[in-house]
Q: 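Pasting a structure here, questions to come.
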Amino acid sequence: LRSPDSFDERSGHFRKATAKRVLMGFGMIFSGSLTSLMAAGGQTGRFPRKDQILAAGENLFQASVATDHVDVFIGHSWSACRCQKFLALCLFFNLGMAVK
């Protein structure tokens with residue numbers, strides 16, 4: 001992730017978010033719709049203005065933190081639906097506790 005205002009080539013290449021943040025709103029960040037991405041970024045409105053879209057992007061960026069390592073990398077396919085991604089991540093993050 002890179003901040004829209006960042007012009008430093010080294011800035012923002014390694015960022016992380018918590019599992020809680022990724023799974024928030026039943027994984028709304030994995031939705032391809034503008035409405036869901038706006039909601040994930042804390043903005044609302046059926047017909048968002050440019051400043052609202054930029055604010056949502058900035059909020060999502062600020063929800064992550066700079067890091068030099070990650071515990072889990074989440075890559076995903078845009079062809080899989082949001083529900084499948086959410087359920088797979090719930091299984092991955094909670095299976096160990098469920099089995100104990």
Side-chain angles (χ1 to χ4, degrees):
L1 294 173
R2 287 191 59 181
S3 171
D5 297 328
S6 171
F7 292 101
D8 181 356
E9 289 300 317
R10 296 167 294 173
S11 173
H13 284 277
F14 300 103
R15 297 186 69 83
K16 65 182 177 181
T18 64
K20 179 180 177 181
R21 180 70 183 178
V22 172
L23 296 174
M24 179 183 80
F26 298 103
M28 75 170 73
I29 194 69
F30 294 119
S31 175
S33 76
L34 179 60
T35 304
S36 293
L37 292 174
M38 293 292 292
Q43 299 290 315
T44 59
R46 185 176 167 129
F47 301 106
R49 298 180 316 269
K50 180 180 177 182
D51 63 313
Q52 292 173 310
I53 294 170
L54 291 173
E58 184 63 23
N59 290 343
L60 288 170
F61 182 82
Q62 294 302 325
S64 65
V65 294
T67 187
D68 61 355
H69 77 283
V70 293
D71 297 321
V72 176
F73 175 80
I74 300 173
H76 68 97
S77 166
W78 286 104
S79 63
C81 77
R82 170 181 157 191
C83 294
Q84 291 172 325
K85 296 170 193 174
F86 176 74
L87 292 174
L89 288 171
C90 285
L91 180 66
F92 177 81
F93 286 122
N94 295 301
L95 184 61
M97 291 299 287
V99 173
K100 287 184 178 182

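The chain is numbered in sequence order, starting from 1. What's counted below: heavy atoms across the whole structure, side chains too, no hydrogens, waters or symmetry copies.
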Q: As an exercise, state the distance from CG of L89 to NZ of K85, rounded to the nearest 0.5 Å.
A: 10.0 Å
Q: Which atom names give the shortest non-hydrogen contact between K16 and V70, and what distance separates them?
A: CB-CG1, 4.0 Å
Q: Which distance, rounded to the nearest 0.5 Å, do you find between the CZ of F26 and the SG of C83?
A: 9.5 Å
Q: Output the distance between atom CZ (F47) and atom CG (L34), rounded to the nearest 0.5 Å.
A: 10.5 Å
Q: Assess, by modelled atom type and distance only, whether the side chains of S33 and S31 contain a donor and an acceptor separated by less than 3.5 Å.
A: yes
Q: Can you give me the closest heavy-atom contact between Q43 and A55, atom names plus distance?
A: NE2-CB, 3.8 Å
Q: Is there a side-chain contact between R21 and L60 in this structure, where contact means two heavy atoms from C-beta onward sitting under 4.5 Å apart?
A: yes
Q: So which heavy atom on P48 is nearest to which on M38, and how close?
A: CB-CE, 3.5 Å
Q: Please identify each residue that fulfils ring pair (Phe, Tyr, Trp, His ring centres under 6.0 Å) with F93, with sequence neighbours left out.
A: none
Q: Among E58, Q52, K50, whose side chain to side chain contact (heavy atoms under 4.5 Å, CB included) with L54 holds?
A: K50
Q: How long is the gap from CG on N94 to CG on L23, to the nearest 0.5 Å?
A: 8.0 Å
Q: Which pair of non-hydrogen atoms, one from A56 and one from L37, has the smallest distance, and what is that distance?
A: CB-O, 4.4 Å
Q: Kindly indicate whether the side chain of I74, heavy atoms from C-beta on, has any atom under 4.5 Å from the side chain of F92.
A: no
Q: Quick check: closest heavy atoms across R15 and A66, and the distance to 0.1 Å?
A: NH1-N, 3.7 Å
Q: For A17 and V22, which heavy atoms make the closest approach, and how far apart are they?
A: CB-CG2, 4.3 Å
